[in-house]
Each structure stands twice: as C-alpha cells, then as structure tokens.
Undergrad: 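Attaching a single structure in structure tokens format; questions to follow.
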Protein chains: 2
Amino acid sequence: MVNRRDGEMRGRDRDLPAGDGAFARMTRATIKDVSRVAGVSIKTVSRVLNKERYVSDDMRQKVEEAVARLNYHPSLAARTLAGRRSFQIGLIHDNPSPYYIFNMQAGVGQRCREADFRMIVQPCDINSPGLVDDIGALIDQAQLDGIIMTPPVTDVGTALAELFRRKIPVVRVQPGTDLTATSAVYIDNVQAADDMTAYLISLGHRRIGLVTGHANYFASGQRLTGYRQALQRAGIGFDASLVFPGQFDFQSGAAAAEALLALDEPPTAIFASSDDMAAGVLAAAHRIGISVPDQLSVAGFDDTDLAQVVWPALTTIRQPIRDLGYAAADLLLEFGETIERRQLPHELIVRGSTAPPRPMDPGSSRG
Amino acid sequence: MVNRRDGEMRGRDRDLPAGDGAFARMTRATIKDVSRVAGVSIKTVSRVLNKERYVSDDMRQKVEEAVARLNYHPSLAARTLAGRRSFQIGLIHDNPSPYYIFNMQAGVGQRCREADFRMIVQPCDINSPGLVDDIGALIDQAQLDGIIMTPPVTDVGTALAELFRRKIPVVRVQPGTDLTATSAVYIDNVQAADDMTAYLISLGHRRIGLVTGHANYFASGQRLTGYRQALQRAGIGFDASLVFPGQFDFQSGAAAAEALLALDEPPTAIFASSDDMAAGVLAAAHRIGISVPDQLSVAGFDDTDLAQVVWPALTTIRQPIRDLGYAAADLLLEFGETIERRQLPHELIVRGSTAPPRPMDPGSSRG
DNA sequence: TCCGGCTATGACAACGTTATCTCATCAGCC
DNA sequence: GGCTGATGAGATAACGTTGTCATAGCCGGA
C-alpha cells in the first residue's frame, strides 16, 4: 500500500529540495547545499572549510557567504570518517578532586574551543585491570587525534605503552616517569615546596611538619625533596618524625596533624601538600584547641577554592591548574607528535594561616 | 614513477590483508574483517552489534567470538553517519561550582557508560548573545541524540525554543520555568528549605536569618517559600529584614552575615541557601568573634565536600547531585522524546554548626 | 613554439557503518 | 498443496565528508 516502487528509486533516496528557496527546512544543510548556493563544487567548499591552499579570494568569499546564509555546520562524523582527523582529543584522568578536574577541563576546553576541537573526558580507575582496554576502545571508537593525561594516570606504564603502540600524540600533565617519552606540562614542584618551606623558615619556624601526598603521585616525592632542600640550606637538620604520609584528602590531613601535634616536640608549623589536607590540619587544631596561626602555622598547596573558604584562609602555593590544561591542549594542537615540554610558574600566596612562632616556646630546646 | 595505474584501481584502495593471519596489524579492525573471520555477512555482524532481532544464537556466537578475537570496536563516526543515532548526549551548563559540575558529570557519565553512550560537556554563558547559535552548532556538528541542561541554562527561553525547533530530546535538571515542557529531574526545594527551617525552629530558634541564592536560579525562590512555610506553621511572623540576597558564593555569604549580625535584633541562626555561603557566614562570624554554634547556628544547603571541611562542619541539606545527573541521563536514554519527571529525595544532615540558642538571649523581646 | 611547473578547480572514489530491499526457509493453516 | 506470516541472512545503496587524480589556465625560460 505505502510501497511505492518506481524502478530507479531504491535505498534511502532523499533528494534535497532543489532550487534556491527552501533551505530553512528541518533537514540540516549539507556541504552539497552550500556548494549549490555558492555555485561551486563540493570540493571547493571543503577546501575553504579546511583552509587549504589554492583557493581564490573570490571563491572563498562566495563559499563563506553561503555557509553563513545556510547556517551550515559540517558533520563531525562525516569529517572523521572521510579524513584522517577527528577534531577530538581525549582527557584521561583518575582524580577525585572536583576542583582539579573542573579547572583542568576549563583550560583544555578553552584551547579546544579556540581550535574548533572537541574535548572528550574519560574518567578511569588506575587500579582497574580493564584500564588499558578502556583507553584503547576510546581511541578506536572516537578516533581521537590526541590524548592528555593527568596524574596519576600519567605514570601507568601499561597505559603509556598502549598509547605508544597506537602512535597517538600524548601530552602528560606533571608526569613522574619517562619524563622525555611524551610532551609534558608541569610546574617545578621541588622549587615550590622549597619556596614554602623557606618562607616558613623566614618567619622563624625551625620545627616544620610536612604532610606528604599520596604515594601514587610523583609530585609527593618532589615536594619532600624541596622541603629537605630548604631545610638544608637554612642549616636545619632533617627530622624524619616530622614527616607524615597523607593521601591528599581532608581526613588524612586531620590524622597527620593529630599525630604531629602529639609529638614530644611538636612542630610550630605544618606544611601540607594539598589544601584539603591543610584544611584537615586546621580542623584538627580547632578540635584540640590550638589556635591558628598563633600557636601553629598551617600551609597548604594548590590554592584551590577551599583555601579562601576555611578559617583562617590558607597560605599556600598557587598551582595554575587551568593554565596547565590550556598549555597541554596547546602542545597537542600545535606540535602533535613532536615532543615538547613547558614549565609553568607557581606562586607563593600568603594569607592568614601562617605567622611567626610564639617567642620562647617552652620545650624547644634545639639551637 | 610511483604512479602505478591499473585501470580499475583508483582512489584510496587499501585492500585489507586477505586470509586469516595478520589482523594484529596497525590498521584497526573493521566490521568487514569481523564478518570475514566469523564467516557471515557484514549486515549480520551489524545486527549482532545493535542487538537487532532475527539473529540465530549460532550466528550471534560466531560474531561475538570474532569481535573479541579482533578486539574490534565499531567506529562511532561511521555509525553516526550511516545511522540516525550518534550515541552521544550533550551536557550543557553554566555553573561556576566545581563540586556541582564534577558530580553532575559523574552521574551522567556513569549512566552513559552503562549504555555505551558518550557524554559531551559544553560549558556556556547564559548572557552571551551567541548562546543559541553555539548550542545549535553543537547539535549539528555532533548530531547529538539528546541534551541535558542544568540551572540556570534550563530557563533560558531562547535556548529552549531552539531545542524544540530541532525536536531533540531534552532533560532539564531543576528547571524553574515551563515545568511540563521537557522531561525533568529535581528535588523538592520547598520541602527541603521547610525541613531545615523547621529543624532550626525545633532547636528553639525564633529569629532565623535566610541568605537566598542567585536570582537566576528558581531554586532560590523555592527555598524562600519553604522557609516562610515553616515559619508560618510554627506561628512565627515573617520578618523581611532577616532575608538577605546572596549569589550562592562565599563572598556574598560573608557579606550577608555581616549585615544580618549588625541588626538591632540579630538572628540566632542563619540558614544559607548554599554551603559556600554558609562557609562565608562562618568566616564572618569568626572575624566578628561570634562563636558557632554557641552564639550562632549556621546551616547550609547542598552538602558539598565543603560542608565537612570547614569548622565546625555544616548542618545542611544533602542534594543528591550525582544521582540527579544519573537520573537525567536515564530519562534521556530510556524515554527519549517522551516527557517524564522524576523527583529525588533530599536529606537533612545534622553536624556541628547548629545548636539550641543560648537561653535568655538579652534583647530577644519577642514572644 | 613548446615544455615544465605552479595555481585553481572539479569529478569521483572511499571512509565504515546502517537502512532498505530481496530472497530463502519453515511452520501453520485452510 | 499452495498460501500466509514469521524468521533468518545477504546485496546494495546511502550517509556527508575528504583524498586522489585529472585538467585547464597561466607564466617564464629554452
């Protein structure tokens, strides 16, 4: 009944509305429509769209007018299928910090938008046995043009190997291993921790507690190095009992503070390797009844939103997460497979949580 | 020289490695490879992949084996181009809260993964004149199968109209206008604010300050309604001077607290419509030297990470953001264009920032 | 004048899937 | 025993781009 059959018409024939009148239809405009309106070949439209060489200004203008008039947007799917680019890059992370991820996405997304690329965000679990397969599937399915990874995924050897096997451009943010194997963006964690430690020393502190970060993150070790470096320069001996392992989160910061403050010779300042842990230190101090910064100075790392929201506001190191994301995407888009490195500046931010130690603290017998 | 010409061979002929041996090549496996290995037609493979009817168990098994053996992942681009689905949905937001966005993405992403869909995140600016075009371009380019919007984008009429024009399935999270125009997920903001207010009243508070949210968000007004509703039920008169407008952020919370605490008859409790603002209230109280919760109870809304990180930890309303995201994606995937609504439960979380008011507060002359 | 190289444009195949149509088989029914 | 409808499988044409090749015009040098 509804089965019209007219010989030559088979398959999905949907011949476009001919003539010049009715493009404001529900059907999306295609490159074919644009070529008809502009009065040029499809290939010429494609050339203009892709900014290829050998297009006269005349043609270019005609095409651009037609594109604007039809409000034409090329199909990413068709471009991906026909070409060898997908105009998409992936951001792979296994990071529980909303603040970090939000800003990283903002930076990467910003750069992508500038280049008319799209960012595909892929959370993952570095302990999952399916990690490598998941990454492979993502690349296969979406035909990604490049990958950005954040710690700690940056240092998963098997994942890295899979990416090399596929010869896909990779940029890592703050990588810890195989530093020269891929492009990378990072800050100088050693120097940053050194800066903070030196600042605390300059206030007069001699016993400075350090809460380190999660062992999966190489930055944790780097910050310990910077801490020791500053102590040494100041002629202060390293006391291992002042270093307490944390996990970057609030709870571990609070636990570390309780342990450190219970020492026979407690520190007069605690430097936590993340703002979350610093907030934990603050909470523990409150609980115990130690006032900050009068009796205890507290410093964080990252300068997340959190730093200004706790009381007192945290002295911390500003890590330009958004800029790191932007730079990572920039390296990917500008250099592709060519390996490049870019170091971004950090900044010491002084707020209310640090002050000179109380003079003549009883029990401080050291020179 | 390199120009071999053999008549029929033109264009990009890359004949696949015949035989059965070398698929572990660099070239991705295609559906054609799978069909050859399985010994069935391409279309049958497609049927199995798309879980279509009319495939015998025998065939299905052969195909699945071949897929696994070749580690085959279908090209999303080709699927999108050939079919009428793209297996992608968009998440459009203009929200400055990392916590909110992170959890929303987690929820939506989770549901997408379960359905082998991909989530495309698109931040936007509701005040930008290009908003509607941007959304249109996104849908055109990526051929999205659906859209999820979060406040305040949910209530931008022009954007909504554009989506209707394109007849694309839409789910809105906490919409404020045109409630029945699209599918929606939400919590009962009126009841939630009522619950919190009633709780504060039950502690003995009679003068309860309210810091409202940003006027762009309809939830702000709804929470005011709930607040008034609880007061009325308790027979407490509404005092407009106790209601102070905020913007959902820390700064405005601090400013509101300063204003409220400077009143001749200051409130004994302040209910802020977000945890960020509640943290601001806390900070202002600290600054002024008012202790919480002894002299002032403070309550928030959202139960973000923040709530447990400030001191004292916030009594707040838990808003299941992640679940809202999951539910939104679920509605989209399960019902498509069919309009559905789903309300999720909220929860009153009592922590250390609230307590009964100090007995016999001088200056409290009201009954 | 003719050739070679650069510029500018177009024709057509190819990318890897899904949609449509066709055909074969098989069971149940008049 | 042939008709009908459900089931199972394949051939082939799209989908909307880009890649490859062909070609035409133009300029400069042999």
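We name chains A, B, ... by the order of the sequence lines, and we start the count at 1 in each one. Heavy atoms only: backbone and side chains are in, while hydrogens, waters and symmetry mates are out.
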Undergrad: What is the nucleic acid contact for A:Phe87, judged by heavy atoms within less than 4.0 Å: base, sugar-phosphate only, or nothing?
TA: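 The residue A:Phe87 makes no contact with any strand.
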Undergrad: Do other residues, nucleotides or ligands put more than 12 heavy atoms under 6.0 Å from B:Glu114 CD?
TA: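 Atom CD in B:Glu114 is packed in, count exceeds 12.
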Undergrad: From the set C:dT17, D:dT20, D:dT17, return the single nucleotide nearest to any side-chain atom of A:Arg84.
TA: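 Among the listed nucleotides, the one closest to the side chain of A:Arg84 is D:dT20.
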Undergrad: Quick test: give all pairs of protein nitrogen or oxygen and nucleotides 6-8 of chain C nitrogen or oxygen below 3.5 Å, distance rounded to 0.1 Å.
TA:
from, atom 1, to, atom 2, distance (Å)
C:dT7, OP2, A:Tyr54, OH, 2.8

Undergrad: Taking atom C1' of D:dA14 as reference, at what distance in whole Å does atom CZ of B:Arg79 sit?
TA: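 It works out to 18 Å between those atoms.
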Undergrad: Please give, in whole Å, the distance from D:dC15 C1' to A:Asp33 CG?
TA: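 Atom-to-atom, A:Asp33 to D:dC15, this comes out as 14 Å.
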Undergrad: Considering only side-chain heavy atoms of A:Ala82, which listed nucleotide, C:dT17, C:dC15, C:dA19, is closest?
TA: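 The answer is C:dC15, which lies nearest to the side chain.
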Undergrad: In whole angstroms, how far is the P atom of D:dA6 from the CD atom of B:Glu52?
TA: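 In whole Å, D:dA6 P lies 18 Å from B:Glu52 CD.
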Undergrad: Quick check with a 6.0 Å cut-off and a 45 degree axis cone: is A:Arg79 positioned over the face of A:Phe87's six-membered ring?
TA: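 Because its charged atom sits under 6.0 Å from the ring centre and within 45° of the axis, A:Arg79 does stack over A:Phe87.
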Undergrad: Would you mind reading off the distance between B:Asn50 atom CG and C:dA19 atom C1', rounded to a whole angstrom?
TA: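 For the pair B:Asn50 CG and C:dA19 C1', the rounded distance is 11 Å.
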Undergrad: Roughly, in whole Å, what's the span from CZ in A:Arg36 to C1' in D:dG16?
TA: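 Rounding to the nearest Å, CZ of A:Arg36 and C1' of D:dG16 are 14 Å apart.
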Undergrad: Taking A:Asp33 first and then A:Arg28, would you say they form a salt bridge - that is, a charged N and a carboxylate O separated by under 4.0 Å?
TA: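 Answer for the salt bridge query: no.
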Undergrad: Look at atom CD of B:Glu52 and say whether more than 12 heavy atoms of other residues, nucleotides or ligands are closer to it than 6.0 Å.
TA: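 It does: B:Glu52 CD has more than 12 such atoms within range.
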Undergrad: With a 4.0 Å cut-off, would you call B:Arg172 and B:Asp155 a salt bridge?
TA: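 Salt bridge flag = yes for B:Asp155 with B:Arg172.
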Undergrad: Out of A:Arg85, A:Arg84, A:Arg118, which one pairs with A:Asp145 under the side-chain contact (heavy atoms from CB on, under 4.5 Å) rule?
TA: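 Of the listed residues A:Arg85, A:Arg84, A:Arg118, the side-chain contact (heavy atoms from CB on, under 4.5 Å) partner of A:Asp145 is A:Arg85.
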Undergrad: Considering non-hydrogen atoms only, spot the tightest contact between B:Leu331 and B:Ser183 and give its length.
TA: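 Looks like CD1-CB, 4.2 Å.
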Undergrad: If you round to the nearest 0.5 Å, how far is CG of A:Leu49 from CD1 of A:Ile31?
TA: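 Interatomic distance, A:Ile31 CD1 to A:Leu49 CG, rounded to 0.5 Å: 6.0 Å.
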Undergrad: Rounded to the nearest angstrom, tell me the gap between atom CG in B:Leu81 and atom P in C:dA19.
TA: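 In whole Å, C:dA19 P and B:Leu81 CG are 12 Å from each other.
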Undergrad: Check DNA chain C against residues 39-47 of chain B and give the residues with a non-hydrogen atom under 4.0 Å, in numerical order.
TA: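 Going residue by residue through residues 39-47 of chain B, the ones with a heavy atom under 4.0 Å of DNA chain C turn out to be B:Ile42, B:Lys43, B:Ser46.
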Undergrad: May I have the distance from A:Gln141 (atom CD) to C:dG16 (atom P), rounded to whole angstrom?
TA: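 The answer, rounded to whole Å, is 15 Å.
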Undergrad: Check B:Glu162 with B:Arg165, please: is the shortest side-chain N to carboxylate O separation under 4.0 Å?
TA: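 B:Glu162 and B:Arg165: salt-bridged.
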Undergrad: Rounded to the Å, how far apart are B:Arg85 CZ and C:dT17 P?
TA: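 One finds 14 Å between P of C:dT17 and CZ of B:Arg85, rounded.
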